[in-house]
Enquirer: 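Input: one structure, supplied below.
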Amino acid sequence: MIPIPAILPVIANQPLLQKIFNTLIDSFIDNKVGIAENFLSELLSAHLKDNLNTLYTDKLLLYAGTGNDTLVVHNKSVRSDKIYWLDRSHNDPYENEFFDLMDDFVSYLNSTCYTGITGYEFHYALYEEGSFYKKHLDQFKNNESRKYSMITYLNSDWQQADGGELCIHQDGLAQHISPENGKSVFFKSSELEHEVLLTNKPRMSITGWFKVS
Ligand code: OGA
Ligand code: NI
């Protein structure tokens, strides 16, 4: 008899969650870019967006660098978003709900796809009007621990004219993904070059990486 991975019972009684995870994983397997609409519930998305707006008002967001901890380059000609790292120690119920969801997703991914993920990191990101992130890969040259990128958007009523699309380059083609509320995108950090096109409106997300140490 094949043993059932320990995680499956945890979400086995949550068919909707399992369906959303499968949507993300299946599209990732088919196209190297996983996309799931409504990965976040409207309610959780609204609370996380409130958190991000408060951080912005309180001036706690910092310009993001483009290197890792030992080599942070604040180069606004490459990226002009502002970020704030999520942490369970903040004891924020919505951040923790987000982490719980990521824990479930990682367990599901590891048990169904043998990804061997051992950790993750996530930050809020705010692109003010006129901001962008030029074409890049998400893996650092001197640290390969980031294996998968996952971005979840917090923007209601996003219109095409608002810009700010995630543009993923693959096989000479560019795939444009609009940053719509609750949508998650998942891809391999070392493989796919991508960019964030100039946004005409404040653009909010939670961006992170699943790691193998
Ligand atoms: C990043 C990134 C994409 C997005 O932060 O590395 O590529 O759509 N973000 O926000
Ligand atoms: Ni990126």
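All ligand and atom numbering here is 1-based and tracks the order in the structure. Since this is a predicted model, take the numbers as computed values, not measurements.
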Enquirer: Given F122, which of W85, F98, Y84 fulfils the ring pair (Phe, Tyr, Trp, His ring centres under 6.0 Å) condition?
Expert: F98
Enquirer: Looking only at N, O or S atoms in D138, which is nearest to the Ni ion (ligand 2)?
Expert: OD1
Enquirer: Apply the ring pair (Phe, Tyr, Trp, His ring centres under 6.0 Å) test between Y120 and each candidate in F186, F99, F105; give the one that qualifies.
Expert: F99
Enquirer: Looking from the Ni ion (ligand 2), what is the angle between NE2 on H136 and NE2 on H194, to the nearest 10°?
Expert: 90°
Enquirer: Students should be able to answer this: which protein heavy-atom is nearest to atom 10 (O) of ligand 1, and at what distance?
Expert: R203 NH1, 2.9 Å
Enquirer: Using a strict cut-off of 4.0 Å, indicate which atoms of ligand 1 neighbour a heavy atom of H136.
Expert: 1 (C), 2 (C), 6 (O), 7 (O)
Enquirer: Is the terminal nitrogen or CZ of K82 (NZ for Lys, CZ for Arg) located under 6.0 angstrom from the six-membered ring centre of Y63 and within 45° of that ring's axis?
Expert: yes
Enquirer: Is the shortest N/O to N/O distance between H194 and ligand 1 below 3.5 Å?
Expert: yes
Enquirer: Suppose we call two aromatic rings close when their centres sit under 6.0 Å apart. Are H169 and H194 close by that rule?
Expert: no
Enquirer: With distance as the sole test, does S189 use its side chain to make a donor-acceptor pair with the main-chain N or O of S149 at under 3.5 Å?
Expert: yes
Enquirer: Looking at R203 and E128, does any basic side-chain N land under 4.0 Å from a carboxylate oxygen?
Expert: no
Enquirer: Using a heavy-atom cut-off of under 4.0 Å, does the side chain or the backbone of D138 touch ligand 1, or both, or neither?
Expert: side chain
Enquirer: Among Y133, Y153, W209, F187, which one puts a heavy atom closest to atom 8 (O) of ligand 1?
Expert: Y153
Enquirer: Which residue and non-hydrogen atom of the protein lie closest to atom 5 (O) of ligand 1, and at what distance in Å?
Expert: T207 CG2, 3.5 Å
